[in-house]
Amino acid sequence: MNIIFTDILPFNLEIIADGGQAFRWNRQEDGRYIGVIENNVLKVIQNDDELRIDSNADNKQTEPLKKYFDLYRDYNQIERELLRYEELIPAVRYCSGYRILFQDTWETTISFIISANNHIRNIKKTIENICRIYGNPIEHKGETYFSFPSPNVLAGLSEDELRLTKCGYRAKYIIETAKMVASGKIDIYGLKKLSTADIRKELMMLPGVGRKVADCIMLYSMRKFDAFPIDVWIKRVLEQIYFNGRKMSLAKLQNFAEKRFGDRAGFVQQYLFYYSRSCWSDIK
DNA sequence: AACCAGGTTATAA
DNA sequence: TTATAACCTGGT
């Protein structure tokens, strides 16, 4: 089926798909992005203020796609709010059109366990390996794609098997986390109604999930916009902008961001992350 | 050849 | 509470 959303601005597909929040979008030569969401293959292209989506799904439902791309939210207002922070103006201008996707909690959890101490290229490759070997095939226009495997499937693997996907020492974290989810020891989909602090505490019971990964899971799959994942880039850029380049502990930076940005922190993190990675030499 | 990269965990002061 | 080392992998 084909769907066209119009009047989507601010919206920047390139930054949204390649900005480090999702790992299963791939850019083609023609500028289209192909991704697998749940059991659907999506081919997406943006032309100015319209978004064309070609999907293998046969129903005409647009709500799930609008939710996934966060099209219900007024990003004009969010960008306006963030521009009131004078020091964020360059970042917000540069990344205008960034949106926080609404992704599946299970896939996001495993994806960000894999992301710890890892490069985006490796993360994407490992996730594709996992889907290809353990996911379900999806046929679309003569090509085969693969869904993300269920908790049950991953829970049944041995560490040596899973290491073939190149996830390295994270294999045991993934399997143990899968066991906890599959057994019902933790209900990751039921957490959303709790407070950010409470969800964080629960998520960090999962092996391989520390503060940063927990905040990514909440921000990208639970709409918890006060979550503020601090990775090396965010740490660097915060130290540069707010602390004269002095080294700060993660705890101090977390505290600072929470106080300064409140329930907009997650959006700030997105803009700062992409901007600092793209333009570090300008900031420094 | 050594070092680093989108952290977490275990251990010690 | 804060500091340090080890950890798979792939690239320079």
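Each chain gets a letter, A, B and so on, in the order its sequence line appears, and its residues count up from 1. Computation of the quantities below employed the complete heavy-atom set of this structure, encompassing side-chain atoms and omitting hydrogens, waters and symmetry-equivalent molecules.
Closest approach of A/Leu9 to A/Asn76, counting heavy atoms only: O-ND2, 4.0 Å. Among all heavy-atom pairs drawn from A/Arg73 and A/Asp70, the shortest one is NE-OD2, 2.8 Å. In this structure, A/Tyr274 and A/Asp18 approach most closely via the heavy-atom pair CE1-O, 4.5 Å. Considering every non-hydrogen atom in both A/Gly208 and A/Val213, the closest pair reads O-CG2, 4.2 Å.
Cation-pi geometry between A/Arg260 and A/Tyr85 is not met at under 6.0 angstrom from the ring centre and within 45 degrees of the axis.
A/Gly20 comes within 4.0 angstrom of a nucleotide base, judged by non-hydrogen atoms across all strands. Residue A/Leu206 is in sugar-phosphate contact alone, with no base atom involved, counting any heavy-atom pair closer than 4.0 Å across all strands shown. Residue A/Arg211 is in sugar-phosphate contact alone, with no base atom involved, counting any heavy-atom pair closer than 4.0 Å across all strands shown.
Separating the CD1 atom of A/Ile217 from the C1' atom of B/dG7 is a distance of 13 Å, rounded to the nearest angstrom. In this structure, A/Asn122 atom CG and B/dG7 atom P are separated by 13 Å, rounded to whole Å. In this structure, A/Phe228 places its CZ atom 14 Å from P of B/dG7, rounding to the nearest Å. For the pair A/His119 NE2 and B/dC4 C1', the interatomic distance rounds to 7 Å; values are reported in whole Å. B/dT8 atom C1' lies 16 Å from atom CZ of A/Arg200, rounded to whole Å. Here B/dT8 presents its P atom at 10 Å from CD1 of A/Ile113, a figure rounded to the nearest Å.
When each of A/Arg236 and A/Pro207 is assigned the nucleotide of DNA chain B bearing its nearest heavy atom, the one mapping closer to the 5' terminus is A/Arg236. Comparing A/Met204 and A/Ser115 along DNA chain B, the residue whose closest nucleotide (by nearest heavy atom) sits nearer the 5' end is A/Ser115.
One N or O on the side chain of A/Lys193 and one on the backbone of A/Gly190 form a donor-acceptor pair closer than 3.5 Å.
Ring centers of A/Tyr275 and A/Tyr94: under 6.0 Å apart, within the cut-off. Here the two rings, on A/Phe225 and A/Phe261, have centers that are 6.0 Å apart or farther. A distance below 6.0 Å separates the ring centres of A/Phe112 and A/Tyr220. Taking the six-membered ring for Trp and the full ring otherwise, the centers of A/Phe243 and A/Phe256 sit less than 6.0 Å from each other.
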**OP:** Using Watson-Crick or G-U wobble pairs with both distances under 3.5 Å, give me DNA chain C in dot-bracket, 5' to 3', with [ ] for crossers and | for pairs to another strand.
**Re:** |||||||.||||
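Across residues 165-180 of chain A, A/Lys166, A/Gly168, A/Tyr169, A/Arg170 each have a non-hydrogen atom less than 4.0 Å from an atom of DNA chain C (numbered order).
Using a 4.0 Å cutoff to heavy atoms of chain A, the contacted part of DNA chain C runs 5' to 3' from C/dC7 to C/dG10.
Counting heavy atoms from C-beta outward, A/Tyr75 and A/Tyr98 have side chains that stay 4.5 Å or more apart.
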